[in-house]
J.: 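Below you will find the structure I want to go over with you.
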2 protein chains.
Amino acid sequence: MTSPRAVTHPAREEIRLEEVLHALADPVRLHVVRQLAAEGTEMNCSCIDLPVTKSTSTHHFRVLRESGVIRQTYRGTAKMNALRRDALESLFPGLLDAVLSAAGHQAARDAAHR
Amino acid sequence: MTSPRAVTHPAREEIRLEEVLHALADPVRLHVVRQLAAEGTEMNCSCIDLPVTKSTSTHHFRVLRESGVIRQTYRGTAKMNALRRDALESLFPGLLDAVLSAAGHQAARDAAHR
DNA sequence: GTCGTAGTTTGACAGATGTCGTACTACGAT
DNA sequence: ATCGTAGTACGACATCTGTCAAACTACGAC
């Protein structure tokens, strides 16, 4: 029997490129991923503050988890989030870093001009 | 006055990462991009055969163009499509290649196991 | 001109998506 | 046992998306 707070993740081989790209294509989710990458360690949901309500956050974190981009685990009442760097790197070498670097460049451009 | 067959593209600086990722997240469009990359040169719409009707093709090519992934130009009645490699590379270095390589790996895996 | 070919436009439609508010659940602290 | 906190579930909603069919437009060839 599964514990009341079980969380299911796709196996490494089940991760699909299209779903990963779709997950990363949303501004809110891309922001989450950038923060996770910047921290390097896992973070709980609420320490990543987002311009949306709690229920919308839950939705975005689920999309990220189900697409294989993050791994979520409970630590008491907090739900910790971590990038699945190893899985993504072995499946799609260089992809995550390319997206993160692209997002960084774009953010810099946005900040610089305007 | 614009010619009857004018095509508008986003300027380089207007290309947004989120839109590019969204454009690449669709299987049909990813397939188009992979073929364009494999050929290396521009191809007309109908020589890339897709499992959808003509009107759906038009839709996908427009999404790719408006997101800045491809450039379209008329050559007689044919509409030629080319990847905007230079623009993408300067904005998001390594991104397109990472996605293409990821798509290649996934295709190889799909072909191998089943 | 007339015709065929390549692609567009429009309208329709079912399904997905992002968002919210409210009610709920699980856990730790007291 | 009670309470507060972190997050979930559910239902609602407007919008977006991928798809098609049918009618249309622009161009080259004849």
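Side chains included, hydrogens not; waters and symmetry mates left out as well; all remaining heavy atoms used. A note on names: the letters A, B, ... follow the listed sequences, proteins ahead of strands, and every chain is numbered from 1.
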J.: Whole-Å distance between dT19(D) P and Phe61(B) CZ?
T.: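 In whole Å, dT19(D) P and Phe61(B) CZ are 13 Å from each other.
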
J.: Mind calculating the distance between CD (Glu66(B)) and P (dT17(D)) to the nearest angstrom?
T.: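 To the nearest whole Å, that distance equals 10 Å.
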
J.: Report the residue (Arg29(A) or Gly76(A)) whose heavy-atom-nearest nucleotide on DNA chain C is the more 5′ of the two.
T.: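 Upstream on the strand: Arg29(A).
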
J.: Check the interface with nucleotides 1-3 of chain D: list each N/O to N/O pair with the protein under 3.5 Å, or write none.
T.:
none

J.: Starting at the 5' end of DNA chain D and moving along, which residue's nearest nucleotide shows up first, Ala78(A) or Arg62(A)?
T.: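 Nearer the 5' end of the strand: Ala78(A).
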
J.: Do Arg85(B) and Asp97(B) pass the salt bridge (Lys or Arg N to Asp or Glu O under 4.0 Å) test, and can you show the C-alpha distance, the side-chain angles, and the key distance before you say yes or no?
T.: CA-CA 9 Å; Arg85(B) 274 198 165 280; Asp97(B) 286 330; 3.3 Å; yes

J.: Send over the distance from Lys79(B) NZ to dT25(D) P, rounded to a whole Å.
T.: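 Going from Lys79(B) (NZ) to dT25(D) (P), I get 16 Å.
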
J.: Tell me the interatomic distance from Gln72(A), atom CD, to dA6(D), atom P, rounded to whole angstroms.
T.: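 These atoms are roughly 16 Å apart.
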
J.: Does dC16(D) have OP1 or OP2 sitting under 4.0 Å from an N or O in the side chain of His22(B)?
T.: no

J.: Is a donor from one side chain sitting under 3.5 angstrom from an acceptor on the other, for Thr53(A) and Thr56(A)?
T.: yes

J.: Search all heavy atoms of Ile70(A) against all heavy atoms of His9(A) and return the closest pair with its distance.
T.: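 So the two residues come closest at O-CD2, 3.7 Å.
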
J.: Tell me which residues in residues 53-60 of chain A lie within less than 4.0 Å of DNA chain C, going by non-hydrogen atoms.
T.: Thr53(A), Ser55(A), Thr56(A), His59(A), His60(A)

J.: When you check the phosphate oxygens OP1 and OP2 of dG28(D), does a side-chain N or O of Arg75(B) lie under 4.0 Å from one of them?
T.: no

J.: How many whole angstroms separate atom CE of Met80(A) from atom C1' of dT5(D)?
T.: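 That distance rounds to 15 Å.
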
J.: For Arg12(A) and Ser90(A), what are the C-alpha separation, side-chain angles and deciding distance, and is it a side-chain contact (heavy atoms from CB on, under 4.5 Å)?
T.: CA-CA 9 Å; Arg12(A) 208 196 59 125; Ser90(A) 67; 2.5 Å; yes

J.: Once rounded to the nearest 0.5 Å, what's the spacing between atom CD of Glu13(A) and atom CG of Leu91(A)?
T.: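 If I round to the nearest 0.5 Å, the distance is 8.0 Å.
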
J.: CG of Asn81(B) versus C1' of dA6(C): gap in Å, rounded?
T.: 12 Å

J.: Can you name the nearest heavy-atom pair linking Asn81(A) to Leu36(A), along with the distance?
T.: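 What the structure gives for the nearest pair is O-CD2, 3.5 Å.
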
J.: In whole angstroms, how far is the P atom of dG28(D) from the OH atom of Tyr74(B)?
T.: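 Tyr74(B) atom OH is separated from dG28(D) atom P by 12 Å.
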
J.: So, taking the atom named CZ in Arg84(A) and the one named CG in Leu64(A), what distance separates them when rounded to the nearest 0.5 Å?
T.: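 If we round to the nearest 0.5 Å, Arg84(A):CZ and Leu64(A):CG are 12.0 Å apart.
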
J.: CD of Glu18(A) versus P of dT17(D): gap in Å, rounded?
T.: 17 Å

J.: Please round to the nearest 0.5 Å and tell me the distance separating atom CD of Glu18(A) and atom CZ of Arg29(B).
T.: 11.5 Å

J.: How close do Gly104(A) and Arg34(A) get, counting heavy atoms only, and between which atoms?
T.: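 The answer is CA-NH2, 3.6 Å.
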
